[in-house]
Number of protein chains: 2
Amino acid sequence: MAQRISQSELDIMNVLWEKSPMAASEVVERLDNNKDWSSRTVKTLLSRLVEKGALSTEADGRRYLYTPLIAKDTYASHAAKSLSERLFGGRAAPLVAHLAKGEGLSETDIEELEALLARLKK
Amino acid sequence: MAQRISQSELDIMNVLWEKSPMAASEVVERLDNNKDWSSRTVKTLLSRLVEKGALSTEADGRRYLYTPLIAKDTYASHAAKSLSERLFGGRAAPLVAHLAKGEGLSETDIEELEALLARLKK
DNA sequence: TAAGATTGATTACAGATGTAGTCAATAGAA
DNA sequence: TTCTATTGACTACATCTGTAATCAATCTTA
């Protein structure tokens, strides 16, 4: 199950979930638009994620290529469930209501959700 | 906006969101069913929440009564939005899909959600 | 009134987290 | 071949978290 992934670590995971395997230097570049981290910081976060079992490494010359060991889907399910449990005893509806209130739902989202619910009802 | 509330602190907030104001000793009792914390631990967490501006205190003899300064709704909206942003660029649908996959949705939830979506469409 | 219980204040301390710096080896450039 | 840039390994350090312990004041109970 791997340990808990911290906020900053999640930023790294997001980059690697988009494309992998990837070397540390590439991760730094990709983050550069959003984050103002030194490459040392990124390296540290990568190492911690490897320790935690969230990333695997593969040697490529004298550097490593990193690949997620945890799928984004798996992580997202856990995180979503954990949040709804901590706040609403596991019920999802209130959580969605809050997303909606925060203008989190677009027209498209609503349609997608309706389709999803229809599927679930069967 | 108050700073970030940690996991353990959230357990305390949940107790006070159910009923407030409440003295530390009551919080300890209420938590006793779920958590195995010493009363010292609970006191520490209460103090930190006061420092963070998440709780207010009111003297009651030589003890304090604690009241949430942040509404559960407000917190939930932030948390839900933040999660969906970190994972799905702010889109809610994928998050709900994940809740559904983790068996987080009961029959009742589905109905509630349909009603909610119907309301949002208008 | 003396002793014990309770309360907030202060202190403790290890592990997680955010954010790097230093070092030694090595690959590439001149 | 010598200098430099890059890379992983190791170290650093303040803050946050989880989980309390100690202390002094005060309330309660015998």
Side-chain angles (χ1 to χ4, degrees), chain A residues 1-16 20-67 70 75 78-79 82-83 86, chain B residues 1-16 20-32 34-67 70 75 79 82-83 86:
Chain A
M1 216 62 68
Q3 298 166 59
R4 163 168 189 67
I5 291 171
S6 82
Q7 302 264 300
S8 298
E9 287 163 0
L10 189 56
D11 290 324
I12 307 280
M13 291 303 287
N14 268 320
V15 169
L16 286 160
S20 73
M22 203 186 279
S25 53
E26 286 179 77
V27 175
V28 171
E29 276 172 45
R30 293 238 173 177
L31 279 167
D32 217 25
N33 312 80
N34 314 59
K35 290 284 166 181
D36 196 25
W37 284 337
S38 95
S39 65
R40 327 303 181 112
T41 301
V42 175
K43 299 264 194 83
T44 302
L45 292 171
L46 284 168
S47 303
R48 288 186 186 163
L49 284 165
V50 171
E51 268 175 45
K52 287 184 181 184
L55 295 178
S56 68
T57 57
E58 154 197 5
D60 172 47
R62 81 201 173 90
R63 65 186 193 168
Y64 289 145
L65 300 181
Y66 299 87
T67 309
I70 299 170
Y75 179 83
H78 274 228
S82 148
L83 183 64
R86 302 189 76 75
Chain B
M1 216 61 69
Q3 298 165 57
R4 166 170 187 67
I5 292 172
S6 80
Q7 301 264 300
S8 299
E9 287 163 0
L10 189 56
D11 290 323
I12 306 280
M13 293 302 286
N14 269 320
V15 169
L16 286 159
S20 75
M22 204 186 279
S25 53
E26 286 179 77
V27 175
V28 172
E29 276 173 44
R30 294 237 174 177
L31 279 167
D32 217 24
N34 314 57
K35 290 283 166 182
D36 196 25
W37 284 336
S38 94
S39 64
R40 328 302 183 112
T41 302
V42 175
K43 300 266 193 79
T44 301
L45 292 171
L46 284 167
S47 303
R48 288 184 186 165
L49 285 165
V50 171
E51 268 174 46
K52 287 184 182 184
L55 295 178
S56 69
T57 56
E58 154 197 4
D60 172 47
R62 81 202 173 88
R63 65 186 194 168
Y64 289 145
L65 300 182
Y66 298 87
T67 308
I70 300 170
Y75 180 82
S82 149
L83 183 63
R86 300 187 78 74

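The basis for the numbers below is simple: all heavy atoms, side chains too, and nothing from hydrogens, waters or symmetry mates. Residue numbers start from 1 in every chain, and the chains themselves are labelled A, B, ... in the order their sequence lines are given, proteins ahead of strands.
Between the OG atom in A:S6 and the CG atom in A:L49 there is a gap of 7.5 Å [rounded to 0.5 Å].
Here D:dT17 presents its P atom at 10 Å from CD of A:Q7, a figure rounded to the nearest Å. In this structure, the CD1 atom of A:I12 is 12 Å from the C1' atom of C:dG18, given to the nearest Å. Between A:L65 atom CG and D:dT7 atom C1' there is a gap of 13 Å when expressed in whole angstrom units. To the nearest angstrom, C1' of D:dA9 lies 11 Å from CD of A:E51. Rounded to whole Å, atom P of C:dT7 lies 14 Å from atom OH of B:Y64. In this structure, B:D60 atom CG and C:dT6 atom P are separated by 16 Å, rounded to whole Å. Between B:E29 atom CD and C:dT6 atom P the separation is 11 Å, expressed in whole Å. The CZ-P distance, from A:R4 to C:dG15, rounds to 18 Å in whole Å.
No hydrogens or angles were tested; on distance alone, nothing pairs the side chain of B:R48 with the base of D:dT15 as donor and acceptor under 3.5 Å. Taking only distance into account, the side chain of A:R40 meets the base of C:dT22 through a donor-acceptor pair shorter than 3.5 Å. You'll find a donor-acceptor pair under 3.5 Å spanning the side chain of B:R62 and the base of C:dT6, going by distance alone. At a cut-off of 3.5 angstrom, the base of D:dA20 holds at least one donor-acceptor pair with the side chain of B:T44.
Distances shown here put every side-chain N or O of B:S25 at or beyond 4.0 Å from the OP1 or OP2 atom of C:dT6. Close to D:dT17, at under 4.0 Å from its OP1 or OP2, lies a side-chain N or O of B:K52. Regarding contacts with the backbone of C:dG18, a side-chain N or O of A:S6 is found under 4.0 angstrom from either OP1 or OP2. A:S8 has a side-chain polar atom (N or O) that falls below the 4.0 Å cut-off from OP1 or OP2 of C:dG18.
Looking at which nucleotide of DNA chain C each of B:Y66 and A:G61 is closest to, the 5′-most match is held by B:Y66.
Contact of the A:W37 side chain with the A:I12 side chain is registered, since non-hydrogen atoms from C-beta on lie closer than 4.5 Å. Between B:Y75 and B:L10, the closest side-chain pair of non-hydrogen atoms falls below 4.5 Å.
Residue-level contact check: A:D36 touches the backbone only, with heavy atoms under 4.0 Å from sugar-phosphate atoms and none from bases. Base contact: B:T41 has a heavy atom under 4.0 Å from a base atom.
Side-chain N or O atoms of A:R86 include one that pairs as donor or acceptor with a backbone N or O of B:Q7 at under 3.5 Å.
Crowding of A:D36 atom CG: a count of heavy atoms from other residues, nucleotides or ligands under 6.0 Å not exceeding 12.
In the set D:dG8, D:dT26, C:dG8, D:dG8 carries the atom at the smallest distance from any side-chain atom of A:K43.
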